[in-house]
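Following: one structure in structure tokens, then a few remarks.
For this chain, numbers begin at 1 and follow the sequence in order.
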Amino acid sequence: MDQVELLSDQIAAVQLDRKRNRELQRRERIFNDRVRTIGLDYDALDHQVKERREKDQREANELEVYADDLLCSDRVACVLDQRQKKDERLLNEAILQFREQFQQTTSRREFDLNDPELLKKQEGVRILSGLTGEDLSQKNRLKKQQEQLRAWTLQQQEELERAKQQLQQEVNQYDQSRMSLDNRALELQKMEEQYKRSAAIATKDFNRALAAEIAHRRLQEHHEEEENNQTDILNQLNGDLLMENPEQKVSVLGLSRLRRDCYKGMSPEELQQYKQYQLQQAEDRKIAAMKQREKELQEHHENMTSARAALLLERQQARINKELRRSLDNTNTQLARTYDARKEHLQDLYTNIPDERYFSQFNTSSR
């Protein structure tokens, strides 16, 4: 079976593309250093909002025109359907009336054989003995019947001609109404094509203007970027880094802090101070090691004492836990016996206990 793309699928695809485009635009704004550090282009945002509102208004107008066309087509279809039903009803009524007037049982050819009033109609006729069943007025009767049948046939032909003329007139009216509807549909189609053509021309002009504006903006940004690059190059050439200014090694956090990117090495005075500082650090490290060793010996002695006391407490706690465990086992045994007795009592008392099938019928829906 052919795959048919629904209107809802098309709308969902358009919304997904729109969301993906917004995400790409947002990613470009976030990862663009110039936009993130300097700011946003509010004029462009306001222009986009205005375009979106105009687009929504155009779509709403198109939907309204399309809905009006659908309503008009539905009304025309209803009128034509009612007219067809009315014509069928009138035709059936005419057929029934014709049958009641001109196709009665008395007008049939075999009615003389089945007429219950035949003897009453022949009261004045004398039938000779030996000539039972002879019809003396058969010729006159047949002649009258033929004349009457001819008159009825002519009348039926006239009525059929009138019915054909009326039907032809109605068909002509229907064709005229259909042609008027077709002309109206063609006019609407031409209006829609003209509207689409004008909208395409307006969109094309707007895209051209927007492309020119974007090109001008990019050219201006390129010039600004070149000027900024030239200024940056001049600042770098005349800066402290390339000029090797000795004052730049001092950090803003204090005189004791240095900048590693601008540091060119220590002076002889700083080297002498550094060697004296290293010797002093070695002496301080030896003294700290001796104090740390004494402190570790003292902590070891204290740990041994604490370990002996903890071992005694652990043994005492083990005895207490053993007694508590024995009492807990006795209590659990008694509770188990009580539970078994109660369970047997409940099983005798409640015979219809719900199982898993009873509870599985709940919470089966998200509503």
Is any side-chain heavy atom of [X] closer than 4.5 Å to a side-chain heavy atom of [Y]?
X      : Y      : value
Leu297 : His300 : no
Arg184 : Cys72  : no
Tyr195 : Arg58  : yes
Arg26  : Arg22  : no
Gln82  : Lys86  : no
Gln280 : Gln276 : no
Gln316 : Leu313 : yes
Gln298 : Lys295 : no

| Step by step, would you call Arg83 with Asp87 a salt bridge (Lys or Arg N to Asp or Glu O under 4.0 Å)? | CA-CA 6 Å; Arg83 183 177 297 175; Asp87 294 339; over 6 Å; no

Give a yes or no on whether [X] atom [atom1] has more than 12 heavy-atom contacts from other residues, nucleotides or ligands under 6.0 Å away.
X      : atom1 : answer
Arg325 : CZ    : no
Glu314 : CD    : no
Glu296 : CD    : yes
Gln155 : CD    : yes

Any chance you could lay out the salt bridge (Lys or Arg N to Asp or Glu O under 4.0 Å) test for Lys19 and Glu23, step after step, and finish with the verdict?
CA-CA 6 Å; Lys19 187 182 294 183; Glu23 183 64 24; over 6 Å; no

Measure the [atom1]-[atom2] distance between [X] and [Y] for me, rounded to the nearest 0.5 Å.
X      : Y      : atom1 : atom2 : value
Leu149 : Gln146 : CG    : CD    : 8.0 Å
Glu147 : Lys144 : CD    : NZ    : 9.0 Å
Leu324 : Gln317 : CG    : CD    : 8.0 Å
Thr203 : Arg208 : OG1   : CZ    : 12.0 Å
Arg52  : Arg18  : CZ    : CZ    : 5.0 Å
Arg326 : Lys322 : CZ    : NZ    : 6.0 Å

Between [Y] and [X], is there a side-chain donor-acceptor contact under 3.5 Å, judged purely by atom types and distance?
X      : Y      : value
Gln278 : Tyr274 : yes
Gln334 : Asn330 : no
His223 : Glu227 : no

For Phe98, the ring pair (Phe, Tyr, Trp, His ring centres under 6.0 Å) test, sequence neighbours excluded, returns Phe102

Next on the checklist: Please determine whether side chain to side chain donor-acceptor pair (under 3.5 Å) holds for the pair Gln273 and Tyr277, giving the CA-CA distance in whole Å, both sets of side-chain angles, and the decisive distance to 0.1 Å.
Outcome noted: CA-CA 6 Å; Gln273 292 178 2; Tyr277 179 72; over 6 Å; no

Connected to Leu219, directly or through other members, by ILVMFWY side-chain contacts below 4.5 Å are none

Under a side-chain separation threshold of 4.5 Å, the hydrophobic residues clustered together with Leu188 are Met191

Begin from the C-alpha positions of Glu93 and Arg89 and carry the test salt bridge (Lys or Arg N to Asp or Glu O under 4.0 Å) through to its verdict.
CA-CA 6 Å; Glu93 290 179 356; Arg89 181 172 54 81; 3.5 Å; yes

Quiz prompt | Backbone of Asn228 reached by a side-chain donor or acceptor of Asp232 within 3.5 Å | solution = no

Notebook entry, point to check: Are any side-chain N or O atoms of Asn92 and backbone N or O atoms of Glu88, one a donor and one an acceptor, separated by less than 3.5 Å?
Noted result: yes

- Query: Could you walk me through whether Phe206 and His47 pass the ring-ring contact (aromatic ring centres under 6.0 Å, His included) check?
  - Reply: CA-CA 12 Å; Phe206 174 76; His47 187 65; 5.7 Å; yes

Side chain to side chain contact (heavy atoms under 4.5 Å, CB included) test vs Lys55 passes for just one of Arg53, Glu51, Glu59, namely Glu59

Item to complete: Decide whether Tyr174 and Leu181 are clustered together by the hydrophobic rule: side chain heavy atoms of Ile, Leu, Val, Met, Phe, Trp, Tyr closer than 4.5 Å, transitively.
Response: yes

Asp340 vs Lys343, salt bridge (Lys or Arg N to Asp or Glu O under 4.0 Å): CA-CA, chis, key distance, verdict: CA-CA 5 Å; Asp340 293 337; Lys343 186 175 180 181; over 6 Å; no

